[in-house]
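Below is one structure, written out as structure tokens; the observations come after it.
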Protein chains: 2
Amino acid sequence: MKPTIHDVARTAGVSISTVSRVMNAPETVTEMKRLRVQEAIDLLQYQPNGFARGLIYKKSGTLGVMIPDIENPYYAGLLRGMQDEAVRLGHSLMICNTDRDKDRLIAYIQSFYEKQVDGIIFASDALHPEYIEEMQRYRMPIVLASTNAPDYDIPSIDIDDELAAFEASAYLIDSGHVRIGMISFPPGDTISGRPRMEGFRRALREHGLKAEEAPVAYAAHRFEDAYAATGELLAAEPELTAIFAASDEFAMGAISYLREHGRRVPDDLSVIGFDDIRMAGMFIPKLTTIAQPVYEIGVRAVRKLHELAIGGHVEPLREKVPHKLVVRESSRSL
Amino acid sequence: MKPTIHDVARTAGVSISTVSRVMNAPETVTEMKRLRVQEAIDLLQYQPNGFARGLIYKKSGTLGVMIPDIENPYYAGLLRGMQDEAVRLGHSLMICNTDRDKDRLIAYIQSFYEKQVDGIIFASDALHPEYIEEMQRYRMPIVLASTNAPDYDIPSIDIDDELAAFEASAYLIDSGHVRIGMISFPPGDTISGRPRMEGFRRALREHGLKAEEAPVAYAAHRFEDAYAATGELLAAEPELTAIFAASDEFAMGAISYLREHGRRVPDDLSVIGFDDIRMAGMFIPKLTTIAQPVYEIGVRAVRKLHELAIGGHVEPLREKVPHKLVVRESSRSL
DNA sequence: GTGAAAGCGCTAACAG
DNA sequence: CTGTTAGCGCTTTCAC
């Protein structure tokens with residue numbers, strides 16, 4: 001059996017309060033007893049029971065994290081940032097891979113609640129009001145990482161997707177491309193879907209191109225979807241010279257399709273991605289992309305949640321972090 | 001404030017024991033009261049406090065997981081399997097990314113212990129005796145996923161690395177390759193390092209090739225290391241026609257190096273990887289590789305840990321799961 | 001069938 | 001400075 005505070009007290013010959021004190025306020029105990037207690041602790045390998053402390057402090061030192069797809073490298077970077085900051089703050093992370101499954105997500109919210117996590121970080125593209133309401137119903141501190149909720153007063157941290165997409169597209173246009181297609185997340189996706197598409201369209205418009213005629217194909221989330229979408233794009237506009245992909249994985253899917261259909265990248269077509277996942281620098285050709293400071297987003301999300309859990313509020317509520325265009329090999333000037 | 005069992009009891013007009021009963025043994029309560037209690041529960045959004053239950057049951061319903069590098073897609077697949085099985089069993093996962101940092105790992109073991117996880121899954125290549133002893137000292141159930149410990153009686157589940165490496169190499173030889181190099185994990189790595197190298201050598205030997213003369217270059221863990229190692233390999237043996245990479249990431253690093261130095265894959269050189277991470281099918285060229293059933297390993301690891309935590313022992317102690325050669329585009333017959 | 005009460009391991013007044 | 005005691009929220013005998 002795990003030793004308890006009573007065991008320590010007994011072998012040290014003191015009361016349990018004294019033991020408790022040497023753990024929480026050592027300076028209030030005489031050196032002699034403190035040493036004796038410390039010895040007993042070491043001897044018994046004593047470690048206070050988290051449940052008992054939790055009951056009293058009403059804190060678990062654990063943060064819940066929801067991510068939609070753990071196999072998506074984008075989230076891996078985010079998690080790393082969160083984890084590092086959590087360690088720094090003395091917290092643990094309870095991670096839930098929702099697989100974009102609604103029931104699973106709701107079940108996890110309840111589980112987080114029962115396990116008394118100190119707060120939840122919701123990292124996802126798809127954020128239905130229903131989820132938010134479920135979380136708010138339990139009144140748990142929550143912050144959004146790499147997404148946001150314009151309709152609710154929930155702290156969030158992400159990049160300016162519209163602007164980033166604008167810059168990616170503008171870069172293509174400035175490189176001489178005129179016939180540009182986009183592989184977008186579904187228009188119903190209000191985070192990485194619509195804003196990036198709007199940024200794309202605005203770039204065309206502001207550069208005197210007909211935004212409405214530019215072909216856009218939708219892909220759900222994965223490589224294969226983008227592969228197929230590229231076919232649609234080319235069918236709609238065979239003369240395409242550039243593609244703006246809303247994620248690096250999409251860019252890879254597009255490049256694969258192009259290769260297998262005799263189009264060279266970047267010689268025949270330029271492709272630009274989004275996110276700058278680790279793989280972007282390993283792919284052949286290396287991806288030109290918009291880099292998101294994912295690690296940083298993870299770190300700040302945890303920090304924000306910590307603040308929120310401690311102080312009850314955070315400043316600023318909605319935080320934007322800077323993105324950056326990274327030019328590598330998958331694009332070229334015309 | 002979170003409602004407690006007392007609140008429910010009060011609003012339902014019963015004692016707390018009755019409330020407790022409708023949650024844990026509803027059939028022992030008369031329908032009338034049961035309904036009234038259920039109503040109160042729904043009304044107050046009552047959810048029992050995990051700390052209080054934990055104190056009594058001495059179980060947290062949480063499993064601790066240690067992984068060395070969350071950005072390595074190999075572990076993402078593993079985690080997905082674990083997560084899915086954990087959900088099925090009603091458990092949560094507490095994940096720790098050790099970053100191969102010893103202090104961090106030890107700190108996490110203690111944290112797991114304090115938080116009363118029901119057990120630990122250790123998924124890693126590097127497994128120092130010190131870690132094992134630290135974990136055993138706390139007498140927590142532990143299972144090894146995708147690694148093993150020959151010197152200790154610890155349940156483990158992984159593939160037969162030596163055999164898998166043998167088959168990968170034999171495939172290359174059967175395809176007509178004679179001058180084959182290997183990019184290996186460091187020889188000190190007794191899991192994915194030495195066994196895979198021995199499998200490689202045995203294949204050469206059993207096919208009448210001089211195993212000792214085959215060049216082997218070592219790479220730590222990542223793409224960049226393999227990139228550099230490929231240069232060493234080629235310097236040692238410029239006539240190489242095939243490379244066996246001990247991981248898919250190594251294979252990608254090798255292919256990148258080859259591309260950038262004017263060698264085409266698979267036309268000039270064949271490259272075979274190991275693991276079959278998701279990216280293997282997205283890379284250009286698609287990787288020929290040894291597929292590990294990572295998802296399955298994750299699932300079984302959780303199941304094993306569950307058994308161990310419940311029954312105190314598992315059968316069989318060391319489990320091997322089958323691997324599979326997957327031939328794609330990065331290799332060809334001579 | 002149901003309530004009162006003890007106790008899980010710990011912290012925090014409260015007395016001494 | 002230190003020990004005693006009352007809970008934290010819940011489950012579980014044990015009487016009624």
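To find a chain, count down the sequence lines: A is the first, B the second, and so on, and within it residues start at 1. The structure presented is a predicted model; accordingly, all values stated were derived computationally and were not measured.
Atom CD of E27(B) is surrounded by more than 12 heavy atoms from other residues, nucleotides or ligands within 6.0 Å. Applying the 6.0 Å contact sphere to NZ of K102(B) captures no more than 12 heavy atoms from other residues, nucleotides or ligands.
Residue I5(A) contributes atom CD1, which lies 14 Å from atom P of dC8(C) at whole-angstrom precision. Rounded to whole Å, atom C1' of dG9(C) lies 9 Å from atom NZ of K2(A). Taking atom CZ of residue R34(A) and atom P of nucleotide dT2(D), one finds them 10 Å apart after rounding to whole Å. Rounded to whole Å, the distance from CD1 on I16(A) to P on dG7(C) is 14 Å. Put simply, CE on M23(B) is 16 Å from P on dG9(D), counting in whole angstrom units. In this structure, the NE2 atom of H6(A) is 8 Å from the P atom of dC8(C), given to the nearest Å. In this entry the distance linking CZ of R10(B) with P of dC10(D) reads 12 Å, nearest Å. One interatomic measurement links the two molecules: CD1 of I56(A) to P of dA13(C), which rounds to 11 Å at whole-angstrom precision.
Remark: K58(B) is in phosphate contact with dG9(C), judged by side-chain N or O atoms under 4.0 Å from OP1 or OP2. Distances shown here put every side-chain N or O of T18(A) at or beyond 4.0 Å from the OP1 or OP2 atom of dT2(D). In this structure, Y57(A) does not reach the dG9(D) phosphate: none of its side-chain N or O atoms is under 4.0 Å from OP1 or OP2. Remark: N24(B) is in phosphate contact with dT11(D), judged by side-chain N or O atoms under 4.0 Å from OP1 or OP2. Here K59(A) does not reach the OP1 or OP2 of dC8(D): none of its side-chain N or O atoms lies under 4.0 Å away. The side chain of S20(A) contributes no N or O atom lying less than 4.0 Å from OP1 or OP2 of dC10(C). Within the structure, every side-chain polar atom (N or O) of T4(B) is placed at least 4.0 Å from both OP1 and OP2 of dG9(D). Checking the phosphate oxygens (OP1, OP2) of dT2(C), a side-chain nitrogen or oxygen of K33(B) falls inside 4.0 Å. Listed pair T28(A) / dT2(D) fails the phosphate criterion, with no side-chain N or O lying under 4.0 Å from OP1 or OP2. Regarding contacts with the backbone of dT11(D), a side-chain N or O of R53(B) is found under 4.0 angstrom from either OP1 or OP2.
Checking dT2(D), dT5(D), dT11(D) against the side-chain heavy atoms of T30(A) singles out dT2(D) as nearest. Among the nucleotides dG3(D), dT11(D), dT2(C), the one closest to the side chain of R21(A) is dG3(D). Checked against dC10(C), dC10(D), dG3(C), the side chain of V14(B) finds its nearest nucleotide in dG3(C).
Residue-to-nucleotide proximity on DNA chain C shows that, of S17(B) and L55(B), the 5′-proximal contact is made by S17(B).
Side-chain polar atoms of Y152(B) and Q136(B) form no donor-acceptor pair below 3.5 angstrom. Side chains of K115(A) and S92(B): a donor on one and an acceptor on the other come within 3.5 Å.
Between E85(A) and R88(A), at least one side-chain N (NZ, or NE/NH1/NH2) sits under 4.0 Å from a carboxylate O, which counts as a salt bridge. Residues E134(B) and R137(B) are paired through a salt bridge, judged by an N-O separation under 4.0 Å between the basic side chain and the carboxylate.
Counting any heavy atom pair closer than 4.0 Å across all strands shown, F51(B) reaches no nucleic acid atom. Using a 4.0 Å heavy-atom distance criterion, V29(B) is classed as a sugar-phosphate-only contact.
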